[in-house]
Number of protein chains: 2
Amino acid sequence: MKRASIKDIAEKAGVSIALVSYVLNDKFVNRINKETAKKIKEIAAELNYKPNKIAQSLKSNKTNTIALLVADIANPFTSQVARIIEDETSKRGYMLLIGSSDENEEKLKQLIDLFQKRQVDGFIIAPVENSESIINNLVETKAPVVLIDRPIDNMEIDSIVTNNFEISYQAVNYLINKGKKNIAIFSYKKNLENLKNRVEGYKKALKDSKIYLDSEKIIYIEESKTQSEVYKAIDELNLMTTDALFFTSNKLAIAALKKLSTLDIKIPEELALVTFDESEAFDIFRVPLTHIKQPIKKISKKAVELLIEKIENTNLLQQQIVYNSEIIIGKSV
Amino acid sequence: MKRASIKDIAEKAGVSIALVSYVLNDKFVNRINKETAKKIKEIAAELNYKPNKIAQSLKSNKTNTIALLVADIANPFTSQVARIIEDETSKRGYMLLIGSSDENEEKLKQLIDLFQKRQVDGFIIAPVENSESIINNLVETKAPVVLIDRPIDNMEIDSIVTNNFEISYQAVNYLINKGKKNIAIFSYKKNLENLKNRVEGYKKALKDSKIYLDSEKIIYIEESKTQSEVYKAIDELNLMTTDALFFTSNKLAIAALKKLSTLDIKIPEELALVTFDESEAFDIFRVPLTHIKQPIKKISKKAVELLIEKIENTNLLQQQIVYNSEIIIGKSV
DNA sequence: CTGAAAGCGCTTACAG
DNA sequence: CTGAAAGCGCTTACAG
């Protein structure tokens, strides 16, 4: 049995489809016969009528749909963001479609293409490496776009990110103030502004404290081999001289914790740990981890707010918004 | 500037929209003038034409879209499932829409309603408590539906689940064989078949080994207060007499590990641990956790396969498929 | 080899 | 107070 359409209701009620449409959308209520309206509504309920959004969208040229393109939906940071964005969009009458680019620019491109064909009203994107031109092409089609998490330099585009440089600077300073002098940093071998800024914050902190910057202590991991390369790096680090590790991502920290939990090292006395972002694992490690907590809620909410403003009201000025992270003190320093 | 439509291309090429449609869809290639076809394709590329899927869907009455309704997208088990299902659906030319019901039947109902209005072609659902009638209503609209993870008793519906009863029986037997006799089980205060079957497996194992079933050792947690109630339960359990804990969900285990990592108890000597499902946290605990690994990949793939079969080929027989889990031996027993 | 026309399920300006 | 008609962007059976 086919789904009921407005036409079925019209026939059954002996009225025109226009009238059915008006009644079901509560339009011109004041000049439609109350009896007729009531009858139409009853028949609609009886037939379990559900408006076909596809048809509505074709007419209105609006799908009330927003695409969220993340780099990796399996990352707990990302899934938290997705959760909040979903709440926000649905509160505002939009539906969220989620795509995961798996840190792959080609997949990002395909997703954008797919979502455009499906006529999404706007995009919230956490760009991947080397995706500048893809994003640029999208923006040129006049599609509303807001970037989160990962800024792109020198691009006229709305973005909402955290203070990656400053908070990393503060975190490393915190380590220094606790007497740590041989601080290694783990990051990804990736051309991403947010990661680069975190490393720069680290460097600046050392420099300002006149600590020698040993390039061997800046460890760049190949993302696809996170686990094995982190293991190897820890093996090769001289843990007798290294007294602190700073991780620019929770995935890196998790990999390191797996390794460290097999070693006999006193934390934080012999080795202090600080990481970006959170994970359930951090509370279960020998000592709870000191970590940098991004204002996920603020970032996510603002992204939705800004995007919907842009959708409903073109020609707004570009905004680059920065919300500050905070350092959550655990017992690993 | 508006997006280019088939009509724009037709005008620019001086042909009919029908011809444009045929060319872009590679239909009747053998009887369309090669030159004309080439010209049309060039103009389409030049105008950056992207077919409007909304219009296509209205015509074809098919959206090539599948809804996945999970209970909690933040659960690592769920996000893994979502990831694999997404891969499978996109491989087969479908797009996945994800909705999270947050274990709330009212929200599940709203999501179903929303997705139906958006004309999804089918549903994969992990039902929440008390959602039998909601699911039933959906099935009665002839919508293709496949259940995963959580079976519903006495319902004619396709489902793909794991052997909850048997694997729990085996896991508890494993504890018993290791000499454990005072085994407590943690589960949720929820009317869900999968959880009930896990508890039944536990009971049967004790019974078959003629171990007295102490009802105080069956601990039902209120999900919204998982952390605090698990803490309280562990405080109240006599850990001198209890020698093993069995968790029916990873969330329960995580909550317990947080508590246990603050206590001075030898694991597994004084207390053994086994849990359902996985978490990054399990590798980082003092000892890696022995846990039950569900065949997520098999379940997810089959769910997509079955659903698409049902979409493209109505009147298939109902299938209730069970895939076996396995016990992953860690060092917590 | 190509085009005119109907129709998918809606909305809405207009006429009466 | 109500309805006929156009149109959103496509596809496709049919005619020529």
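Throughout, protein chains are lettered first and strands after them, A, B, ... in sequence-line order, and every chain is numbered starting at 1. Every value quoted in this text rests on a predicted model; they were computed, and no experiment measured them.
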Side-chain N or O of [X] less than 4.0 angstrom from OP1 or OP2 on [N]?
X	N	value
A/T36	D/dT2	yes
A/Q56	C/dT11	yes
B/Y22	D/dA13	no
B/S16	C/dG3	yes
A/K59	D/dG7	no

[N] [atom2] sits how many Å from [X] [atom1], rounded?
X	N	atom1	atom2	value
B/I6	D/dG7	CD1	P	18 Å
A/L19	C/dC10	CG	P	15 Å
A/L58	D/dA6	CG	P	17 Å
B/K62	D/dT12	NZ	C1'	18 Å
B/I17	C/dA5	CD1	C1'	9 Å
A/D26	C/dT11	CG	P	12 Å
B/Q119	C/dC10	CD	C1'	11 Å
A/R31	C/dA15	CZ	P	14 Å

Can you name the closest pair of heavy atoms from A/I152 and A/E193 and give their distance? CA-CG, 4.3 Å
Grab the two heavy atoms, one from A/L138 and one from A/T141, that are nearest each other, plus how far apart they are.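 What the structure gives for the nearest pair is O-OG1, 2.6 Å.
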Classify [X] by what it touches in the nucleic acid, base, sugar-phosphate, or nothing, heavy-atom distance under 4.0 Å.
X	result
B/N61	nothing
B/N30	sugar-phosphate
B/K27	sugar-phosphate
A/N52	sugar-phosphate
A/S21	base

Between B/F28 and B/I54, name the one whose nearest nucleotide on DNA chain D is closer to the 5' end. B/I54
Walking DNA chain C from its 5' end, the first of B/A55 and A/N25 to be reached, judged by nearest nucleotide, is B/A55
Using modelled atom types only, decide if a donor and an acceptor are shared between the side chain of A/S159 and the backbone of A/P151 within a distance under 3.5 Å. no
Given that both distances must come in under 3.5 Å, which nucleotide forms a Watson-Crick or G-U wobble pair with D/dC14? C/dG3
Result for side chain to side chain donor-acceptor pair (under 3.5 Å) between A/D158 and one of A/Q320, A/K310, A/Q319 points to A/K310
A/D113 and side chain to side chain donor-acceptor pair (under 3.5 Å): which single residue from A/K109, A/Q110, A/K117 fits? A/K117
Is the positively charged end of B/R31 above the ring of B/F28, judged by distance under 6.0 angstrom from the centroid and angle within 45° of the axis?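 So B/R31 does make the cation-pi contact.
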